[in-house]
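This report refers to the structure that appears directly beneath it.
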Amino acid sequence: MASVANAPLNLLKPLNLPRYKLGFGSCIVTTPFRSTINAPFLTPQSSKQSSSPIICFASEKQNSSTDISSTARIRSEVLTPFRSVRMFFYLAFIASGGLGALIATTQLIAALTNPSRALDAPEIAKGLGIDIGAVSLFAFLYYRENTAKNAQIARLSREENLSNLKLRLDEKRVVPVSSFRGFARLVICAGPASFITKSFKNSEPFTEGLVERGVLVVPFVTDGNSPSFEFDESEESKDFTSKRKRLWQLTPVIVSDWTNWLDEQKKLAGVSSDSPVYISLRLDGRVRGSGRGYPPWNAFVAQLPPVKGMWSGLLDGFDGRV
């Protein structure tokens, strides 16, 4: 896996700048300070144009990432419909074996204390051993099944929390990640501004292939700086530039929610909090793959099927490993 630096978020807050309420949190629009395009959905006036980075802060009400939603539990039941049945029978066998072991124990004590029943002791001890072995076996199976269930629910819950995170699509639209299910494969790039800028440049040769496969990039800057997105606005590159802007059009909002989710992912994966990472999602919103460093754009193009065409429906479930 992979994710975000632990730099204090209040360092991102500029002084003496106007705030705008969006209903889900507060935003600050900073003044431009470099010749870059930081929001691809804006119409540029020149080949290098400045835009106002939008920095959004914590919402007034946040959902704890440790809360298990009912949706995650339902999805777990759908993915493993017979797990509950198996766990029920494991408990029934444990109870049956435990009762048999209790009865055998009392009989063994009685046989050992009564010389007239001493000959029955080996047979009773054999039955007791079988009961204890059965209880131990089914207890182990139940523990393994329950551990797998909890891990699956925790993973589904984290994916559900991810689906509720907000993205800015354009100047007027802020939508949750779940809105892209079924037609877009999101790739989250999290790291300092230099990492985002380098990822942007690395993706240029694969732009057309990524757009055909429904890939949209979510650049999440962790150091408070602004990445440099430079587009060629010449007439002959108009179509290609339009695809580049579409590929990099999304902007995370409510920074604290994104930071908490990414920090949790890094912690579970054993990745340091300041490591730049990427996380790729399937069409259905599940996490497909993740890693440290720059996203493997060439692997995305090689492994992912196009979202349109004769293979779009047949290969939707084969989203590769990256």
Side-chain angles (χ1 to χ4, degrees), residues 2 36-44 47-51 53-54 162 165-221 226-253 258 276-283 285 287-291 293-309 312 316 319-320 322:
T36 61
I37 294 178
N38 198 43
F41 49 79
L42 299 179
T43 303
S47 61
K48 293 184 180 180
Q49 176 179 342
S50 299
S51 63
I54 299 175
L162 172 62
L165 297 179
K166 300 297 190 295
L167 291 170
R168 179 173 295 282
L169 186 60
D170 54 35
E171 290 182 296
K172 297 182 180 180
R173 288 184 292 176
V174 175
V175 297
V177 172
S178 58
S179 299
F180 296 92
R181 286 177 178 172
F183 69 91
R185 298 178 172 101
L186 301 185
V187 177
I188 304 169
C189 294
S194 59
F195 169 78
I196 302 299
T197 301
K198 183 64 174 177
S199 297
F200 173 79
K201 294 178 180 178
N202 291 344
S203 68
E204 184 173 2
F206 309 99
T207 297
E208 294 187 1
L210 293 171
V211 172
E212 289 176 357
R213 286 153 180 78
V215 174
L216 295 177
V217 184
V218 181
F220 185 77
V221 183
S226 178
S228 177
F229 291 170
E230 299 180 359
F231 300 96
D232 184 1
E233 296 298 332
S234 60
E235 188 64 27
E236 57 270 16
S237 302
K238 184 177 180 180
D239 292 340
F240 181 77
T241 300
S242 176
K243 293 180 179 180
R244 292 284 288 160
K245 292 179 180 180
R246 178 184 176 185
L247 181 64
W248 290 84
Q249 65 180 314
L250 301 178
T251 305
V253 297
W258 280 91
V277 298
Y278 75 89
I279 302 173
S280 61
L281 307 184
R282 299 178 184 271
L283 276 176
V287 175
R288 173 181 56 248
S290 59
Y294 301 106
W297 305 117
N298 58 335
F300 290 143
V301 174
Q303 295 186 18
L304 302 180
V307 293
K308 294 181 180 180
S312 59
D316 281 352
D319 267 6
V322 295

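Along the sequence shown, residues carry numbers from 1. Not measured: the values here are computed from a predicted model.
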So which atom in Tyr278 and which in Pro296 form the shortest heavy-atom distance, rounded to 0.1 Å? CZ-CD, 3.5 Å

Without swapping roles, check the side chain of Arg213 against the backbone of Val301 for a donor-acceptor pair under 3.5 Å. yes

May I have the step-by-step check of side chain to side chain contact (heavy atoms under 4.5 Å, CB included) for Asp170 and Gln249, ending in yes or no? CA-CA 8 Å; Asp170 54 35; Gln249 65 180 314; over 6 Å; no

Any Val217 side-chain heavy atom under 4.5 Å of Phe200 side chain: no

Check Pro227, Cys189, Pro252 against Val221 for a side-chain contact (heavy atoms from CB on, under 4.5 Å) and give me the one that passes. Pro227

Separation between CZ (Arg185) and CZ (Arg282), nearest 0.5 Å, reads 9.5 Å

Would you say the side-chain atoms of Thr241 pair up with the backbone N or O of Glu233, donor to acceptor, closer than 3.5 Å? no

How many angstroms lie between CZ in Phe240 and OG in Ser234, if you round to the nearest 0.5 Å? 11.0 Å

Could I get the full list of side-chain contact (heavy atoms from CB on, under 4.5 Å) partners for Lys243, not counting sequence neighbours? Thr207, Glu208, Val211

Return the CD1 to CG distance between Ile188 and Leu167, rounded to the nearest 0.5 Å. 8.0 Å

Could you give the distance from CD (Glu212) to CG (Leu304), rounded to the nearest 0.5 Å? 12.0 Å

Is the shortest heavy-atom distance from the side chain of Leu162 to the side chain of Leu281 under 4.5 Å? yes

Roughly how far, to the nearest 0.5 Å, is the NZ atom of Lys166 from the OG atom of Ser178? 8.0 Å

Go through the structure and list residues passing side-chain contact (heavy atoms from CB on, under 4.5 Å) with Ser242, not counting sequence neighbours. none

Flag side-chain contact, heavy atom, 4.5 Å: Pro219 against Ser199: no

Please give me the minimum heavy-atom distance between Phe195 and Ala190, naming the atom from each residue. CE2-O, 3.6 Å

A side-chain contact here means heavy atoms from C-beta on lying under 4.5 Å apart; do Arg288 and Phe300 qualify? yes

With a 4.5 Å heavy-atom cut-off, do Ile279 and Val187 have their side chains touching? no

Under 4.5 Å between any side-chain heavy atoms of Asp232 and Arg244, yes or no? no

Once you measure the plane-to-plane angle for Phe231 and Phe229, does it fall in the parallel (<30°), tilted (30-60°) or perpendicular (>60°) bin? perpendicular

Going through the distances and angles, do Phe206 and Asn298 end up as a side chain to side chain contact (heavy atoms under 4.5 Å, CB included)? CA-CA 7 Å; Phe206 309 99; Asn298 58 335; 3.6 Å; yes

Distance check, rounded to the nearest 0.5 Å: Trp297 atom CH2 versus Leu247 atom CG? 6.0 Å

Indicate the atoms forming the closest heavy-atom contact of Gly191 with Ile196, along with that distance. O-CG1, 3.9 Å

